[in-house]
Visitor: 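Below you'll find the structure I mean.
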Amino acid sequence: MNPPVIQAQGLSKRFVNNEVFNDINLSVNKGKSLAIIGGSGQGKSVLLKCLVGLMQPDTGKILFDGEPLQGKHIQKFFDSFGIVFQGAALFDSIPVWENISFKFKYSGTHSIKARRKIASQKLDLVGLPSSNLDLYPSELSGGMQKRVGIARAIATEPKILFFDEPTSGLDPITSNTINNLIRFIIKELGSTAITISHDLNSIRTIADDIVLLHKRKIEWSGSIDTFEKTKNINIREFIKPSST
Amino acid sequence: MIFRFFFKVGALIFNLFFIIGAVSRFFLEIIFTGFAPPFYLKEIMKQLYRVGYTSLPVVGLTAFFTGGALALQIFEGGSRFNAESVVPSIVAIGMVRELGPVLGGLMVAGRVSAAMAAEIGTMKVTEQLDALKTLSIEPVKYLVFPRVVASAISLPILVSVGNTIGIMGGLFVGTTRLGFDSQLYLLNTLEFLTIDDFTSSLVKATFFGTIIAIMGCFNGFYSKRGAEGVGRATTAAVVSSSILILASNYFLTEWLFKP
């Protein structure tokens with residue numbers, strides 16, 4: 001079995017009087033794809049922000065490659081992951097190619113030509129023609145923005161990929177395309193992935209393992225096969241609407 | 001009833017101190033992150049264009065009409081004491097010491113502070129600030145510091161140009177409407193202005209420029225979620241920077257021109 005790439009141990013988070021989640025433990029092995037599911041307001045996005053270091057958990061720790069995220073290891077972690085935000089979060093003021101290669105913009109290691117080449121390659125990988133390189137995000141459709149967001153996340157060929165509701169706001173056909181693309185990207189790069197979603201189709205296409213966040217705790221965890229067969233009432237509730 | 005009154009007053013005072021604390025912390029963060037490498041010089045240049053160059057028409061027009069109106073008012077007021085000849089000197093001193101920096105600051109606050117709050121606020125609600133962090137770019141350093149530097153550099157230049165245009169406005173009205181000789185008007189103007197007047201104008205403008213950028217960025221950074229939150233941040237940016245400009249103008253005047 002591959003070793004765990006990212007682990008969360010005893011994570012808790014609270015906003016003033018509102019406890020978001022408590023004592024969250026999870027572990028994702030190398031090359032595996034984990035989906036964190038749950039209803040609205042269950043703290044999925046806050047958990048993701050804690051996992052990527054955008055928020056500090058109140059208690060608990062996060063381990064990357066077996067080491068806690070502190071000191072120089074934090075920068076190593078930041079250089080090892082890519083994230084696709086719910087609304088793509090592309091920078092409006094710069095064109096597509098600069099968005100994709102933004103990580104290299106201030107590194108001083110890549111010329112403009114090299115950055116354009118990387119952007120073109122990644123755009124090709126997400127199925128968009130390079131004629132889009134010089135367009136601005138506002139000139140793209142929602143699905144195209146998501147693809148560019150994925151291209152930006154994979155620009156550095158990261159070890160870990162995070163997806164926050166990758167199909168929200170997209171029509172079913174585009175959602176399917178994005179789901180298949182994510183699965184393809186994960187396999188192509190051999191990355192470990194963590195996806196936040198409540199889209200059942202996404203989960204079935206992307207995930208190897210699933211955890212259900214319910215009432216501030218991890219209510220259930222298991223593989224995609226056991227997910228379909230489990231008698232856990234909350235999982236059944238989750239699956240039921242789409243099967244009827 | 002009385003308890004509720006004191007509770008409300010207490011909450012108000014607490015909020016005020018909370019905001020002062022938050023702005024001070026934000027300012028320190030700008031200083032500590034901004035003066036450490038890497039430096040985003042391209043971003044500073046971009047902001048210099050946005051804050052400085054594009055504000056020139058607004059500041060110029062405001063200064064021209066203010067200078068003209070000031071000449072008319074002083075001529076009318078001065079005629080009551082047979083002191084019409086003071087028009088050039090009062091217009092010059094009034095523009096350079098007070099109206100140039102204050103009106104220039106307020107016009108730029110309306111334009112730039114609102115734009116900064118709206119831009120950064122939108123970036124926040126669309127998770128672009130989070131995206132920057134995940135790409136190892138510190139948002140305060142990348143977005144705020146260049147805007148503060150550009151604003152602190154641009155405003156003295158804008159105000160200097162505005163002062164000149166304001167004096168020219170006074171000259172235009174003085175010669176076309178009030179019967180002044182243009183050469184005499186300019187000589188009177190130059191005779192009364194001192195280096196201290198220009199220095200005070202530049203000091204005030206630099207201070208106002210910094211206030212404008214900090215309040216614009218602060219309100220954008222701490223805007224609440226959604227379009228309404230960005231709208232509120234924009235309004236708060238303009239109101240807070242305008243009030244701070246007017247209040248600090250008094251204290252700067254006290255400091256620069258001790259009676």
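The sequence lines fix the lettering, A, B, ..., with proteins before strands; numbering per chain opens at 1. Only a predicted model underlies this, so the values are computations on that prediction, with no experimental measurement involved.
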Visitor: Which value, rounded to the nearest 0.5 Å, describes the distance between B/K42 atom NZ and A/Y106 atom OH?
Guide: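 Separation between the atoms: 7.5 Å.
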Visitor: Are there more than 12 heavy atoms of other residues, nucleotides or ligands under 6.0 Å from atom CG of B/L246?
Guide: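 Yes, CG of B/L246 has more than 12 neighbouring heavy atoms, counting only those of other groups under 6.0 Å.
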Visitor: Rounded at 0.5 Å granularity, tell me how far OG in A/S93 sits from NZ in B/K46.
Guide: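 Answer for the OG-NZ pair, A/S93 versus B/K46, is 4.5 Å.
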Visitor: Between A/G87 and B/E127, what is the shortest heavy-atom contact and its length?
Guide: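 The answer is N-OE1, 4.1 Å.
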Visitor: Counting neighbours of CZ on B/R232 that are heavy atoms of other residues, nucleotides or ligands and sit closer than 6.0 Å, is the number greater than 12?
Guide: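 Result for CZ/B/R232: open.
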Visitor: List the atom of A/A89, the atom of B/A131, and the distance in Å for their closest heavy-atom pair.
Guide: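 That closest heavy-atom pairing would be O-CB, 3.9 Å.
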Visitor: For A/F91, I'd like to know if atom CZ has over 12 heavy atoms of other residues, nucleotides or ligands within 6.0 Å.
Guide: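 More than 12 within 6.0 Å, yes.
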Visitor: With rounding to the nearest 0.5 Å, note down the distance linking CZ in A/F85 to OG1 in B/T126.
Guide: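 These two atoms lie 10.0 Å from each other.
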Visitor: When rounded to the nearest 0.5 angstrom, what is the spacing between OH in B/Y40 and NZ in A/K105?
Guide: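 Answer for the OH-NZ pair, B/Y40 versus A/K105, is 10.0 Å.
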Visitor: Has B/R25 got more than 12 heavy atoms of other residues, nucleotides or ligands less than 6.0 Å from its CZ?
Guide: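 For B/R25, atom CZ is not crowded (no more than 12 foreign heavy atoms under 6.0 Å).
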Visitor: Please report the C-alpha distance between A/D92 and B/Q128 in whole Å, then the side-chain angles of each, then the deciding distance to 0.1 Å, and finally whether the side chain to side chain contact (heavy atoms under 4.5 Å, CB included) criterion is met.
Guide: CA-CA 9 Å; A/D92 310 314; B/Q128 291 177 53; 3.1 Å; yes
Visitor: Counting only heavy atoms from other residues, nucleotides and ligands, does the tally under 6.0 Å from CZ of A/F15 exceed 12?
Guide: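 Atom CZ in A/F15 is crowded, with more than 12 foreign heavy atoms closer than 6.0 Å.
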Visitor: Flag the pair B/L135 / A/F78 as yes when at least one side-chain heavy-atom distance between them is below 4.5 Å, and no otherwise.
Guide: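 Sidechains of A/F78 and B/L135: no contact.
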Visitor: For atom NZ of B/K141, decide whether the heavy atoms of other residues, nucleotides or ligands shown that lie under 6.0 angstrom number more than 12.
Guide: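 Check passes, neighbour count above 12.
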Visitor: Say you draw a straight line from CZ of A/F102 to CD1 of B/I137; how long is it, rounded to the nearest 0.5 Å?
Guide: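 Nearest 0.5 Å value for the CZ-CD1 distance: 5.0 Å.
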Visitor: Knowing that exactly one of A/I83, A/D164, A/L54 qualifies, which makes a side chain to side chain contact (heavy atoms under 4.5 Å, CB included) with B/D130?
Guide: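 Of the listed options, the one satisfying the test is A/L54.
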Visitor: Counting only non-hydrogen atoms closer than 4.5 Å, does A/Q75 touch chain B with its backbone (N, CA, C, O), its side chain (CB onward), both, or neither?
Guide: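 Contact with chain B: side chain only.
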Visitor: Using a cut-off of 6.0 Å, state whether more than 12 heavy atoms not belonging to A/F64 lie near its atom CZ.
Guide: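 Counting other residues, nucleotides and ligands, CZ of A/F64 exceeds 12 neighbours.
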